Amino acid sequence: MAGLLDWLTAPQTIFFLTVTMVVFVALQLSAAVMVYAERKVAAFMQQRYGPYLVGPKGLLQPIADIVKLIFKEELKPKAADTLLFAAAPVISAIAAFTAFAPVPFGASTTFFGFLDEPMPLVVADINVAVLVIFAVTSMGVYGIVLAGWSSNSKYSLLGGLRSSAQMISYELAYGMSLATIVMLAGSLSLREIVDAQQGYWLGFIPKWYAFINPISFLVFATAGIAETNRAPFDFPEAEQELVAGYHTEYSSMRFALFFLAEYINMVTVAAVSTNLFLGGWHGPFIPEAYGWIWFLIKLAVLCFGYLWLRWTLPRFRYDQLMSFGWKLMLPLATINLLVSAAGVLYFGL
Amino acid sequence: MPLGHYLVLSGLLFAIGATGVFVRRNIITLLLSVEIMLNAVNLAFVAFGRQFGTVDGQIITFFVMTVAAAEAAVGLALVIGLFRHRESLNPEAFTSLKW
Amino acid sequence: MGFDQLLFYVFAAVAVLGSLLVIGQTSPIYSVLALIVAFFGLSGLYVLLEAPFVAVVQIIIYAGAIMVLFLFTVMLLNVPREGASDWDRGHPHVRVWPVRIGTVLGVVMAVQLIWALSRTVGLGAGVADQRPAASEVSELGRVLFTDYMFAFEVTSILIIVAMVGAVVLARKREN
């Protein structure tokens, strides 16, 4: 018992709990910020004002949304499978939060001397981090497919099956581009992949993998957008086609969980892209201990890119989407893997 | 943790899978029980691999997983074909060699 | 007991309970989901055995791909609960005794295996006692591509054969 108490009050445990709490709260705040940013960016691109009534410049709009969702009535179709209907949004939300756990967002720090030795700013420092993210993303498919099935309605079932088929198709290209970066970096740990991107060529071009292997970056970003069911790959949840796809029958907090899971997935894909391709938390002018500022800046740029894509490109039709994933993305990622392997072997990249 | 514990667990899981194959009257659940048996064997391989300090146990596990995936795919394709013909998933419904 | 031992029993209980639910309850969708839970328990056991790569690959391939395949098939065929269709009920092929005898045989198999294992010498040594684990992914890759090269190549042919076979078998007949 004394050993347990010692362990609980050790600096490492307190640091770990602090980081976990910070990441948990920050993910939810980022979802709220993304909701607001999406509407403002959409409005800007469509030459109108976005939300501007609630709070200064509409900044309290996400809070109004959340309050509205909390007070809505919880509906459940009569013939729905109760256990699965309730479990599906929970599975989606759990997968979304867990996927961010192995993602590091800052350099190793002693937290102003609080710790004896530097510990990395990550919830779970796993040495096979890349694979764990991939595995948890595969689990997210279940939330969607079970939601579609348990709602016992045509639109939901079709939307759920299409959405999950799309997700597992693009997981292949996702994994191939991940494998390319793992080969270049020589490690499966995200922290080591970021640290392999330190330094500059010619003094000012950073050694990012986005410059060494741009095809991999493009394939990963595209597959990431398809994985999270964002436009232009959001056919399964398009309003004009399938009412709302797999979350048609959901209301109130369960719908809020799906919503939250989608935005957090987007933030996670952007965070993983930042770590794999854009050098993570390394950047000029800011000391290494505050590298998380650079991480947030790069993350914000990528998220803005995702919002930009949504409101600029038209939606893919479902068969176009599937053929794009299987006939273009997967062969491209595979050939890229072969060429990168040859490059690493013969030129020692 | 003694090696014996892992092997007992593996044997128990294998027996549960085998019971599923004997008892269940639904082809898909039969395939699921076969998957349980394959996983029990994987556990035994990894436990022995750890005991001897080599990675061979884990390598063989990959091959077992790959074969299980291929077998599941082909088995389910067969089930779909059978269902189209007989509208039933009870293995006892398929008693004649020729339709 | 140590933390590792506690974790072993927790994960073992999850795996066994999941497997029992797979074979014990009637709805096929719940069977598939129970098997996914059992796979998570097994994955935890692999982590305890210091094989993190196998643990993660188990989740990716088994729980993330094969079970999705099963789930899609169950949803596509709209499989009813077992024993619920007209074909099953009252048909002379439905027999209660095979189920009972099958269960007894399964229990006998479990008892046999455990009895045989209890009489084997040398199983009391701890798994982690003698030699250090060699579970680096680079070591796995090296052994896979040198000692097991032939099996690796044959497996790739197996996967292609299975893929083509599955597509051909599940195709709608044009007649």
Side-chain angles (χ1 to χ4, degrees), chain B residues 1-9 11-20 22-26 28-29 31-33 35-36 39 43 46-47 49-56 58-59 61-63 65-74 76-81 83 88-90 92-93, chain C residues 4-5 8 12 15-16 19-20 22-23 28 31-32 35 42 45-46 49-51 53-54 61-62 65-66 69-70 73-74 77 79 82 87-88 93 99 102-103 105-106 109-110 113-114 117 123-127 131-135 139-140 143-144 148 151 155 158-159 162 165-166 169-170:
Chain B
M1 218 51 224
L3 178 63
H5 284 53
Y6 283 102
L7 292 182
V8 162
L9 177 62
L12 190 59
L13 284 175
F14 191 83
I16 293 178
T19 314
F22 300 152
V23 162
R24 294 302 298 243
R25 301 290 100 200
N26 184 328
I28 296 187
T29 321
L31 289 172
L32 287 176
S33 309
E35 296 293 332
I36 299 179
N39 270 289
L43 181 63
V46 174
R50 178 66 188 89
Q51 167 87 331
F52 296 130
T54 63
V55 295
D56 290 13
Q58 302 179 34
I59 303 278
T61 312
F62 295 150
F63 293 126
M65 279 187 202
T66 315
V67 168
E71 165 245 332
V74 173
L76 287 173
L78 281 172
V79 167
I80 292 180
F83 185 79
S88 164
L89 283 174
N90 193 338
E92 288 167 353
Chain C
D4 276 359
Q5 282 192 312
F8 170 79
V16 169
S19 311
L20 284 173
V22 169
I23 68 168
S31 288
V32 172
L35 191 55
L42 277 172
L45 284 171
Y46 291 143
L49 281 169
E50 293 176 58
F53 190 71
V54 176
I61 293 188
Y62 259 118
I66 300 181
L69 187 61
F70 271 100
T73 310
V74 169
L77 301 181
V79 183
E82 209 164 285
W87 179 265
D88 292 287
H93 279 178
V99 171
T103 319
L105 281 178
M109 182 192 279
L113 283 168
I114 297 177
L117 283 170
L123 292 183
V127 168
R131 288 159 243 211
S135 62
E139 176 69 15
L140 278 172
V143 175
L144 182 65
Y148 293 89
T155 308
L158 173 73
I159 294 179
L169 282 170

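Just so we're on the same page: letters track the sequence lines, and every chain starts at 1. Basis for what follows: all heavy atoms, side chains included, without hydrogens, waters or symmetry-related copies. Please read these numbers as outputs of a predicted model, since none were measured by experiment.
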Inset, instruction - Pick one of side chain, backbone, both or neither for B:I16, based on which atoms fall under 4.5 Å of a heavy atom in chain C. - result: both
Legend entry - B:R24 side chain vs C:I23 backbone, donor-acceptor pair below 3.5 Å: yes
Legend entry - Heavy-atom closest pair, residues B:F22 and C:G102: CD1-O, 3.6 Å
Inset, instruction - Return the option, out of C:I61, C:V22, C:L105, with the maximum number of heavy-atom pairs under 4.5 Å with chain B. - result: C:V22
Legend entry - Which portion of C:L117 sits near chain B, non-hydrogen atoms under 4.5 angstrom: side chain
Legend entry - Ring centre gap for C:F8 and B:Y6 strictly below 6.0 Å: yes
Inset, instruction - Measure distances from B:L43 to the heavy atoms of chain C and classify the residue's part below 4.5 Å as side chain, backbone, both or neither. - result: both
Legend entry - C:L49 CG to B:Q51 CD distance, which is reported to the nearest 0.5 Å: 10.5 Å
Inset, instruction - Would you indicate whether the side-chain heavy atoms of B:T19 and C:M109 approach each other to under 4.5 Å? - result: no
Inset, instruction - Sort B:A69 into side chain, backbone, both or neither according to what part of it lies under 4.5 angstrom from a heavy atom of chain C. - result: both
Legend entry - Max heavy-atom pair count under 4.5 Å with chain B, selected residue of C:A12, C:S19, C:A110, C:S31: C:S19
Legend entry - Between C:L113, C:L42, C:I114, C:I159, the one whose heavy-atom pairs under 4.5 Å with chain B are most numerous: C:L42
Inset, instruction - Find the one option among B:V67, B:T61, B:L13 whose heavy-atom pairs under 4.5 Å with chain C are most numerous. - result: B:L13
Legend entry - Contacting moiety of B:L32, where chain C heavy atoms sit under 4.5 Å: both
Inset, instruction - Compare all side-chain heavy atoms of B:V79 with those of C:F70 and state whether any distance is below 4.5 angstrom. - result: no
Legend entry - Note, C:L45 side chain near B:L9 side chain (heavy atom, < 4.5 Å): yes
